Amino acid sequence: MQTTNNTKQINMLSEIVTPLLRWYHSQARILPWRENPQPYYVWISEIMLQQTRVEAVKPYFDRFITALPTVQALAEVPEGDLLKLWEGLGYYNRARNLQKAAQQVMQEHTGNLPASYDALLALPGIGRYTAGAIASIAYHIGVPAVDGNVLRVITRLIASREDIMKEKTRKMIEAYLQEIMPTDKAGDFNQALMELGAMVCLPKGAAKCPLCPLKQLCLSHAEDYTTEIPVKTPKKARRPENLTMFRLQYQDKIAFQQRPNKGLLANMWELPHIDGHLSIEEIKNHIANLGLPIQSIQALPPAKHIFTHIEWHMIGYAITLRALPAHSPWHWISHSDRVESFAIPTAFKAYVFEE
DNA sequence: AATTCGGGGAA
DNA sequence: TTCCCAGAATT
């Protein structure tokens, strides 16, 4: 019963392999991490590309492998330097997991990334997609790599209305792809599916079907379903949070503090701030209670920063002090150190670099 | 199974 | 505004 249905899908999908590979060989973008697909480079690129667009990764990739050219260099770099290399890219646990994995590779795999899907999957930060991507692209192992692009391409090809957010759907598609995998060209095949999703089989009704090498095979193109497929469960609304930022300055220095080592923006540097929107009178009281000698205080323009699940509504005050307190909970950081040495999340930059 | 992790580009 | 991005870890 189920078998009949699956066999039908697999037979249909098996026809995409040849035209897809032919299309990829003529249309593949030239990307920095495709020039020399050695395991370390593929690994770094795949982690950077998690939930992150190709264009956003480009300026980070070369700089990262120049600064940390080997697994050993990554394993040994101070965390602050690592976060500075990742600054602005987001999802900073990716960088920390990358380093944990590098240390594990040094100890358990003599410094070489393991050439096995299961061993890759056991490393921090490497899930089913990334293990499949590294295994197929760097080691030519015949396993699928199912990301958002592939989910969209395959559900459209077979006109499936299964919810692509569900684990069950992803595993079903992995199983289909495993069946039709050209095992000697797994890396190209996986990348071709992603490339098609990124360049032609676009989301939100923007599909460029006339350019698609698979249009004669595609059931969604035949029935004009590309605006309805894939089906995704809607995500939860963001919660708003009001914050008041302090730009405490003395001469060329600004007060910074390090965020906690867990949770949002862990271990990164931030401006002092408090919950809620405080008036200038409340600010004066607050600062005076801290025993700080205020020379001048000035309201800064409001700013908004949107995270995946939170929305920060920020107001801020520039407060110039007459003297540095003998003991303060903050690090006083000069402009050059701010730019060069400390990893500061984008959310704070409106107030950090407001002059 | 649901939530938590960033940030930016496109419509 | 909303959606989505070469997702994974934690709860």
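Chain letters run A, B, ... following the sequence lines, proteins first, then strands; residues in each count from 1. Note that the coordinates shown come from a computational prediction; the quantities given were computed from them, not determined experimentally.
Which of B:dC5, C:dA9, C:dC3 sits closest to the side chain of A:His309 comes down to B:dC5. Closest to the side chain of A:Leu264, out of B:dG6, C:dA6, C:dC4, is B:dG6. Here C:dG7 is the nucleotide among C:dG7, C:dC4, B:dC5 with the atom lying nearest to any side-chain atom of A:Gln50. Closest approach to the A:Gln51 side chain among B:dC5, C:dC5, C:dC3 is made by C:dC5 (side chain taken as heavy atoms from C-beta onward). Closest to the side chain of A:Arg152, from the set C:dC3, C:dC5, B:dC5, is C:dC5. Closest approach to the A:Phe307 side chain among C:dA6, B:dG6, C:dC5 is made by B:dG6 (side chain taken as heavy atoms from C-beta onward). The listed nucleotides are B:dG8, C:dA6, C:dA8; the one nearest the side chain of A:Met194 is C:dA6. Side-chain atoms of A:Asp147 lie closest to C:dA6 of the nucleotides B:dT4, C:dC4, C:dA6.
Counting any heavy atom pair closer than 4.0 Å across all strands shown, A:Lys349 reaches no nucleic acid atom. Looking at heavy-atom distances under 4.0 Å, A:Leu89 makes contact with a base. If you check every strand for non-hydrogen atoms under 4.0 Å, A:Arg96 touches nothing. Within 4.0 Å (heavy atoms only), A:Tyr129 reaches at least one base atom of the nucleic acid. Nucleic acid contact for A:Gly197: none, since no nucleic acid atom lies under 4.0 Å from a heavy atom of the residue. A:Trp33 comes within 4.0 angstrom of a nucleotide base, judged by non-hydrogen atoms across all strands. Among the protein residues, A:Thr130 comes within range of the sugar-phosphate backbone only, with heavy atoms under 4.0 Å from sugar or phosphate atoms but none that close to a base. Here A:Lys235 lies in heavy-atom contact (under 4.0 Å) with a base. Using a 4.0 Å heavy-atom cutoff across all strands shown, A:Leu31 reaches at least one base atom of the nucleic acid.
Comparing A:Arg170 and A:Arg53 by the nucleotide of DNA chain C whose heavy atom lies nearest to each, the residue mapping closer to the 5' end is A:Arg53. Residue order along DNA chain C, read from the 5' end via each residue's closest nucleotide, puts A:Glu46 first among A:Lys100 and A:Glu46.
Neither OP1 nor OP2 of C:dA9 sits under 4.0 Å from any side-chain N or O of A:Tyr91. Within the structure, a side-chain polar atom (N or O) of A:Asn149 is placed less than 4.0 Å from OP1 or OP2 of C:dA6.
A:Ser136 and A:Asn190 form a side-chain donor-acceptor contact under 3.5 Å, judged by distance and modelled atom types alone. In this model, no donor atom of one side chain and acceptor atom of the other lie less than 3.5 Å apart for A:Asn97 and A:Arg94. Judged by distance alone, the side chains of A:Glu162 and A:Thr155 never bring a donor and an acceptor atom under 3.5 Å apart.
Here the separation of B:dT4 from C:dA6, taken at their P atoms, is 24 Å to the nearest Å. Spacing between B:dG6 and C:dT11 at atom P, rounded to whole Å, works out to 15 Å. For B:dG9 and C:dA8, the C1' atoms lie 23 Å apart once the distance is rounded to whole Å.
In summary, of the residues considered (A:Ile333, A:Asp337, A:Leu271), a side-chain contact (heavy atoms from CB on, under 4.5 Å) with A:Ile254 occurs for A:Leu271 alone.
Between the base of B:dG6 and the side chain of A:Thr52 there is a donor-acceptor pair shorter than 3.5 Å. For A:Thr308 and B:dG6, a side-chain-to-base donor-acceptor distance below 3.5 Å is present, hydrogens and geometry of angles not being considered.
Salt-bridge annotation for A:Glu174 and A:Arg128: present, with a side-chain N of the basic residue lying under 4.0 Å from a carboxylate O of the acidic one.
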For this session: Please test A:Trp33 against A:Phe61 for ring-ring contact (aromatic ring centres under 6.0 Å, His included), starting from the C-alpha separation and ending with a verdict.
Result: CA-CA 8 Å; A:Trp33 44 91; A:Phe61 176 75; 5.5 Å; yes

